[in-house]
Amino acid sequence: MRYELMLPHQIRKAIAENWPVALPLGVLEYHGEHMAVGMDTLAVIKTLELFEKERDIVILPPFYYGAASYAVAAPEGSGSVQVGGNALASFGEELFYSLLRIGFRNIHAIIHHQTENFAAGMPTDLAFKTAGRQAIFRFLEKERGEGWWGSEVMASYYAEHAEGANFFNWVQVHPLMSAAMKYPFDHAGIGETSLMLALCPEAVDAAHFTDNKSWYTATAKDASAELGQKGVAMIMDHLRATLLA
Ligand SMILES: [Zn+2]
């Protein structure tokens with residue numbers, strides 16, 4: 001369900017049943033002359049909407065204002081929007097803390113931007129990872145008081161941790177596409193353009209392929225909805241393995 005459309009009794013049900021709560025996370029960034037600047041975030045939103053057809057999930061209003069950076073193009077006339085990681089971390093902490101206060105314990109930010117470097121981290125995903133950790137510590141200290149971890153009730157912490165229980169799983173950040181996925185990773189090339197043709201065709205205008213002059217868009221003209229559907233199927237498998245109740 002879209003969070004902004006939920007009634008309180010539905011929110012309480014989602015909490016009681018531990019539904020995954022997903023934040024579509026991305027950027028607004030120049031993606032060549034042929035594709036919309038919202039591509040990265042749209043890919044997350046559209047695949048989560050497909051996922052919602054098969055599983056119970058809360059989809060938060062998307063956050064488009066990540067750190068696009070100006071690595072691809074200067075902003076003037078290109079459309080890239082850059083909000084730095086430090087600002088994102090403080091925003092994210094407030095957001096996650098608030099979601100924990102509501103009662104959610106199964107929160108996931110799903111990001112598609114610079115995720116070929118997800119293991120080491122890039123500014124947007126690192127900021128939201130930091131935000132999640134900060135929010136969890138702050139929440140636990142508020143709920144349980146300082147010294148909560150050292151108290152006697154926590155004596156089974158390591159045993160429970162070994163069994164998979166972990167407060168720090170309450171907020172997680174995942175790439176939309178796992179590194180193991182056999183799908184072309186690119187920026188505004190055949191991979192991303194095909195994904196948009198499959199998920200959100202109004203975000204691509206084939207009439208503008210020939211306006212592209214950059215190396216990273218050279219393969220865009222070979223994109224197809226058919227290839228995009230293969231990527232979507234892989235993303236759906238990844239989401240099914242990641243977003244569990
Ligand atoms: Zn992209």
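One-based numbering, in listed order, for ligands and for the atoms of each.
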For the pair Glu94 and Arg138, evaluate salt bridge (charged side-chain N to carboxylate O under 4.0 Å, His left out) and give the outcome as yes or no after the intermediate values. CA-CA 10 Å; Glu94 300 306 321; Arg138 185 170 143 201; 3.2 Å; yes
If you measure only the distance, is there a donor-acceptor pair under 3.5 Å linking the side chains of Asp40 and His31?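 A pair is found: one side chain offers a donor N or O, the other an acceptor, under 3.5 Å apart.
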Looking at Thr210, Asp205, Thr193, Asp211, which one forms a side chain to side chain donor-acceptor pair (under 3.5 Å) with His34?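 It is Thr193, the one option of Thr210, Asp205, Thr193, Asp211 that forms the side chain to side chain donor-acceptor pair (under 3.5 Å) with His34.
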Between His31 and the Zn ion (ligand 1), is there a contact where an N/O/S atom of the residue lies under 2.8 Å from the metal?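 Yes - counting backbone and side chain alike, His31 has an N, O or S atom under 2.8 Å.
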Is there an N/O/S atom in Glu192 that lies less than 2.8 Å from the Zn ion (ligand 1)?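 Checking Glu192: at least one N, O or S atom is under 2.8 Å.
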Is the Lys NZ or Arg CZ of Lys129 less than 6.0 Å from the centre of Phe118's six-membered ring, within 45° of the axis?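 Here Lys129 passes the 6.0 Å and 45° test against Phe118.
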Atom of Asp40 nearest the Zn ion (ligand 1) (restricted to N/O/S, atom name only):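 Among the N, O or S atoms of Asp40, the one closest to the Zn ion (ligand 1) is OD1.
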